[in-house]
Amino acid sequence: MHVERYEKIFMALTLVVLLAALATIGVGVFAAEVHLPAPAGRVDPRQIRQTAPFDQPGVREVAPGEYEAVIIARAWAFEPNEIRVPRGSTVRFRVASADVIHGFLVENTNINVMVIPGQVAEVAARFDRPGEYVFLCHEYCGFGHHQMFGKVIVE
């Protein structure tokens, strides 16, 4: 008799935990706008320097207050490794790898993607506070991995 009661309590608690987990995921997706980025295109890693827009890496203004930062990740550096934008700017990062899997994480933002050879990773962030935002590789890419970083300077 008591066993049935405990089973019902356990099943009810399981349902509550499941619903709480689903609610948490829903809040993350819809309220906090957390999502998984999809590849924004393809690029041949062997021809990356001859393929637009990666033939001219850097930052360019595409509209008032909106910038595009084209970055090549390669062992063991980002090109360019310094980006300057005015405060209040939205920056869309287009990152591709010239060799192996890299990571691209911009501290104090929601940007954290894998950069896979052959795919273009595209993510965006708004920079409202002036200062320096370090970006780094978070996927081990070889001996010089610890030296692979750069910064976004918000003026």
Side-chain angles (χ1 to χ4, degrees), residues 14 17-155:
T14 301
V17 169
L18 179 63
L19 292 175
L22 289 174
T24 302
I25 291 170
V27 167
V29 170
F30 298 110
E33 297 181 16
V34 174
H35 61 280
L36 296 174
R42 303 240 178 242
V43 62
D44 183 350
R46 296 166 297 186
Q47 301 295 321
I48 196 167
R49 295 194 186 281
Q50 292 80 34
T51 306
F54 298 100
D55 56 341
Q56 296 180 352
V59 64
R60 48 188 84 56
E61 188 173 19
V62 294
E66 294 184 21
Y67 294 82
E68 177 183 61
V70 176
I71 299 174
I72 297 174
R74 60 178 173 76
W76 297 289
F78 289 107
E79 185 183 333
N81 68 349
E82 184 175 291
I83 294 167
R84 292 180 178 270
V85 294
R87 186 178 80 174
S89 299
T90 298
V91 181
R92 182 172 45 124
F93 295 90
R94 295 180 57 114
V95 188
S97 172
D99 45 31
V100 299
I101 293 176
H102 294 284
F104 185 72
L105 179 140
V106 182
E107 292 182 341
N108 300 318
T109 70
N110 64 344
I111 295 177
N112 182 352
V113 296
M114 287 182 68
V115 184
I116 301 169
Q119 295 183 2
V120 177
E122 187 173 297
V123 289
R126 182 171 171 83
F127 294 92
D128 290 321
R129 291 180 301 153
E132 292 186 359
Y133 296 76
V134 174
F135 57 86
L136 52 91
C137 177
H138 60 75
E139 292 289 331
Y140 183 74
C141 55
F143 182 71
H145 168 72
H146 64 282
Q147 298 173 343
M148 192 167 173
F149 64 91
K151 59 186 168 183
V152 177
I153 300 172
V154 180
E155 301 170 326

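Heavy atoms only: backbone and side chains are in, while hydrogens, waters and symmetry mates are out.
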For [X] versus [Y], what's the shortest heavy-atom pair and its separation?
X    : Y    : result
R129 : N108 : NH2-CB, 4.4 Å
E132 : I153 : CG-CG1, 4.1 Å
T90  : R126 : OG1-NH1, 3.6 Å
D99  : P117 : O-CG, 3.4 Å
V43  : A96  : CG1-CB, 3.9 Å
A125 : I111 : CB-CD1, 3.6 Å

Does the plane of the ring in F104 sit parallel, tilted or perpendicular to the ring in F135? Use 30° and 60° as the thresholds.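 The arrangement is tilted - the two ring planes meet at 30° to 60°.
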
Residue pair Q119, R42: steps toward the side-chain contact (heavy atoms from CB on, under 4.5 Å) verdict: CA-CA 4 Å; Q119 295 183 2; R42 303 240 178 242; 3.1 Å; yes

Report yes if some heavy atom in the side chain of V113 is under 4.5 Å from a heavy atom in the side chain of E122; otherwise report no.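 A side-chain contact under 4.5 Å is absent here.
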
Do T51 and D44 have side chains that get closer than 4.5 Å, going by heavy atoms?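 Answer no - side chains too far apart.
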
Above 12 or not: heavy atoms from other molecules or residues under 6.0 Å from CZ of R60?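 Atom CZ in R60 is crowded, with more than 12 foreign heavy atoms closer than 6.0 Å.
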
Counting heavy atoms not belonging to Q56, are there more than 12 under 6.0 Å from its CD?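 Open.
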
What is the distance from atom CG of N81 to atom CD of Q147, rounded to the nearest 0.5 Å?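 Reported value, rounded in 0.5 Å steps: 12.0 Å.
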
If you round to the nearest 0.5 Å, how far is NE2 of H102 from NE2 of H138?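 The NE2 atom of H102 is 11.5 Å from NE2 of H138, to the nearest 0.5 Å.
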
Would V91 and Y133 satisfy side-chain contact (heavy atoms from CB on, under 4.5 Å), going step by step from the backbone distance to the final call? CA-CA 12 Å; V91 181; Y133 296 76; over 6 Å; no

Under 3.5 Å, which donor-acceptor pairs link side chains of residues 63-80 to any protein atom two or more places apart or in another chain?
unit_1	atom_1	unit_2	atom_2	d
E68	OE2	R92	NH2	3.2
W76	NE1	C141	O	3.2
E79	OE1	R49	NH1	3.0
E79	OE1	R49	NH2	3.0
E79	OE2	R49	NH1	3.3

Counterpart residues, salt bridge (Lys or Arg N to Asp or Glu O under 4.0 Å), relative to D55 (two or more places apart):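 By the salt bridge (Lys or Arg N to Asp or Glu O under 4.0 Å) rule, D55 matches no residue at all.
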
Evaluate the side-chain contact (heavy atoms from CB on, under 4.5 Å) criterion for residues E107 and L136: first the C-alpha distance (whole Å), next the side-chain angles of each, then the deciding distance (0.1 Å), finally the verdict. CA-CA 8 Å; E107 292 182 341; L136 52 91; 3.8 Å; yes

